[in-house]
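Data block below; observations after.
For the numbers below, each heavy atom of this structure counts, side chains included, while hydrogens, waters and symmetry mates do not. When a residue number appears, it is its place in the shown sequence, counting from 1.
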Amino acid sequence: MKPKVKQFVDRYLKEIVEGNAAVFAGAGLSAPAGFVNWRELLRPIAEELDLDADIETDFVALAQFHRNKHHGNKGQQNQLLIERFGVPKDPTANHDTLAKLPIETYWTTNYDDLIEKALLTHGKTPDVKYSEAHLALTRRGRDAVVYKMHGDISNPQDAVLAKDDYERYHVNRGAFVTALSGDLVSRTFVFLGFSFTDPNLDYILSRVRLNLEENQRKHYCFFKKRVKLPGETDETFKNAVVRQELVIADLLRFNIEAVLVDEYAEIDEALQLLHRLYRSKSVFVSGSADVFDPWGRAKVDAFGRILGSELAKHGYRVVTGLGKGVGDAVLSGVVDQVYRSSKSQLDEALLLRPFPQQFAADERDAVWKRYREELIGQAGIAIFLLGNKIEDAKSIIADGMKQEFEIAAAEKLMVIAMGTSGHAAKEISDQIAANPDAYFSDLSAEAKSAVLMLGTLDAEPNVMVSEIIKAIAVSTKK
């Protein structure tokens with residue numbers, strides 16, 4: 001990964017953690033799903049006007065020429081939008097990755113519904129706004145706001161497409177200008193799939209720049225480095241390269257830093273790394289016990305309390321279902337550390353979701369499985385401890401912990417199994433040790449060794465927790 005891409009990941013991750021991140025999505029973000037860009041959208045219109053869509057660059061004007069030809073009637077253009085964007089498509093991998101992150105603000109010039117679909121898939125409630133009337137309303141329980149500044153395919157007659165629409169934008173959609181201006185001041189944007197040729201955004205960026213001058217907030221965008229196209233002349237290619245360099249330099253006026261990549265796959269990789277690093281700040285603790293041997297109750301309690309305290313102290317969020325016999329000690333450690341520190345809040349250090357008990361036996365397993373999937377999906381690291389229960393007066397392996405391990409492995413969490421605590425944790429540790437590459441393919445050799453060592457470590461609780469913190473730190477080094 002290029003140094004500048006890594007630098008973007010570091011800085012934008014900080015904004016995500018602090019709740020300041022926003023996304024601006026252009027047509028390029030939706031293209032891999034099968035939606036067309038402006039050139040392909042307006043190709044039939046260009047042909048009707050006897051123009052070559054491959055040569056044209058001003059598509060706003062092109063749409064206006066067509067509308068002029070039809071005396072202002074938008075019917076054909078509305079139908080074209082429905083045909084090109086009205087067919088259901090699935091969100092792309094990048095939509096999916098973004099939806100997993102706690103990003104609360106999305107802006108887009110796209111007419112499609114891929115952003116809101118991705119959010120819904122991950123159990124989030126989007127508050128979609130594509131008319132001024134929507135801006136005055138707030139959807140209850142919303143997790144993210146999706147501003148569709150050029151309209152939505154459900155209302156193609158109101159879509160912003162031609163010069164007429166742009167010229168009237170500040171009259172018909174002036175509140176969007178105000179709202180976006182405010183977000184550009186208070187949030188850090190990453191522009192994805194956007195070419196910066198939209199006159200509305202150019203006006204808004206200019207207004208923010210003039211108001212704030214040298215105090216503008218830093219934003220980011222991705223550009224694919226211009227390469228020579230098949231059949232392109234040397235002169236045309238050189239002109240395109242120079243123009244891209246000039247565009248990138250011009251964006252610095254608005255404090256938008258361009259991240260140049262050789263392939264679009266590098267953008268995918270950057271977003272995936274963002275998600276992985278964000279998740280790595282949350283640690284799922286899985287533990288349950290009716291029997292505390294071989295460690296004994298005192299050692300288990302001490303380990304749990306120190307573990308919760310040290311995770312919180314080092315800035316990790318503890319995610320737990322409060323397993324019987326173990327969860328309370330972990331919870332106590334987190335709460336104690338947070339209350340002794342003035343630098344963190346409890347909801348930043350702890351995600352606590354005890355398992356619901358009032359379900360009939362025939363539906364409980366399905367409910368608990370989904371509950372585990374959603375809980376574990378919040379984390380990037382999983383720690384397993386003990387794992388037993390009493391059934392028919394005998395101590396048996398806790399099948400719930402084994403299921404949690406399977407989910408964690410499927411979600412590619414970094415798994416730490418404290419094998420010396422016995423029971424399910426011992427079985428998990430042995431399973432990992434037998435085939436570590438199957439579970440730690442993303443880890444460096446150093447990190448893999450540190451994590452595997454924990455499976456056989458039996459020491460004082462403070463020593464074991466110290467080694468866990470070290471292993472996590474090594475595994476999450478970029």
Legend entry - Pair F405 and Y439, ring centroids less than 6.0 Å apart: yes
Inset, instruction - Give the minimum heavy-atom separation between Y147 and T105, together with the two atoms involved. - result: CE1-CG2, 4.2 Å
Inset, instruction - Check the surroundings of atom NZ in K2: do more than 12 heavy atoms from other residues, nucleotides or ligands lie under 6.0 Å from it? - result: yes
Legend entry - Closest heavy-atom pair and its distance - C221, I256: SG-CG2, 3.9 Å
Legend entry - Side chain to side chain, R67 and D164, heavy atoms closer than 4.5 Å: yes
Inset, instruction - Apply the test side-chain hydrogen bond (donor to acceptor under 3.5 Å, both in side chains) to residues N68 and Q64: give CA-CA distance (whole Å), side-chain angles for both, the deciding distance (0.1 Å), then the verdict. - result: CA-CA 6 Å; N68 294 343; Q64 187 62 46; 2.8 Å; yes
Legend entry - Candidate pair N255 and E257, rule side-chain hydrogen bond (donor to acceptor under 3.5 Å, both in side chains), full reasoning: CA-CA 6 Å; N255 209 19; E257 182 177 314; over 6 Å; no
Legend entry - K313/D336 ion pair, N-O < 4.0 Å: no
Inset, instruction - For E235, look at atom CD and say whether over 12 heavy atoms of other residues, nucleotides or ligands are found less than 6.0 Å away. - result: no
Legend entry - F24 and F194 aromatic centres sub-6.0 Å: yes
Legend entry - Closest approach of I248 to L260 (non-hydrogen atoms, all atoms of both residues): CD1-CD1, 3.9 Å
Legend entry - K448 charged N/C atom sitting above F440 aromatic ring, 6.0 Å / 45°: no
Inset, instruction - Salt-bridge test for E467 and K470: reply yes if a basic N is under 4.0 Å from a carboxylate O, no otherwise. - result: yes
Legend entry - Note: E15-R11 ion pair, threshold 4.0 Å (strictly below): no
Legend entry - Proximity of H150 and Y130 rings by center, below 6.0 Å: no
Inset, instruction - Could you check R276, R279, R372 and say which one makes a salt bridge (Lys or Arg N to Asp or Glu O under 4.0 Å) with E411? - result: R279
Inset, instruction - May I ask you to say whether K124 pairs ionically with E104, meaning some side-chain N is under 4.0 Å from a carboxylate O? - result: no
Legend entry - With Q79, the side chain to side chain contact (heavy atoms under 4.5 Å, CB included) member among Q77, E83, Q76: E83
Legend entry - Ring geometry between F8 and F222 (parallel below 30°, tilted from 30 to 60°, perpendicular above 60°): perpendicular
Legend entry - Side-chain ion pair, K163 and D165, N-O less than 4.0 Å: no
Inset, instruction - Considering non-hydrogen atoms only, spot the tightest contact between K74 and Q157 and give its length. - result: NZ-O, 2.7 Å
Inset, instruction - Could you tell me whether R43 and E47 have a side-chain N and a carboxylate O separated by less than 4.0 Å? - result: no
Legend entry - K148 versus N110, closest heavy-atom pair with distance: CE-O, 3.8 Å
Inset, instruction - Begin with the C-alpha distance, continue with both residues' side-chain angles, and end with the deciding distance and a verdict on side-chain hydrogen bond (donor to acceptor under 3.5 Å, both in side chains) for E48 and H70. - result: CA-CA 11 Å; E48 183 181 333; H70 291 271; 2.8 Å; yes
Legend entry - Distance (rounded to the nearest 0.5 Å) between D183 CG and R217 CZ: 10.5 Å
Inset, instruction - Can you see which heavy atom on K224 is nearest to which on E263, and at what distance? - result: CE-OE1, 4.0 Å
Legend entry - Output field: ring centroids F191/F196 closer than 6.0 Å: yes
Legend entry - Evaluation steps, side-chain hydrogen bond (donor to acceptor under 3.5 Å, both in side chains), between E404 and S286: CA-CA 8 Å; E404 288 171 355; S286 174; 2.4 Å; yes
Legend entry - Electrostatic pair D234-K238, nearest N-O below 4.0 angstrom: no
Inset, instruction - Flag yes if more than 12 heavy atoms outside F65 fall under 6.0 Å of its CZ atom; otherwise flag no. - result: no
Inset, instruction - Verify the distance criterion only: is there a donor paired with an acceptor across the side chains of T236 and T233 at less than 3.5 Å? - result: yes
Legend entry - R142 and D127 ion-paired at < 4.0 Å: yes
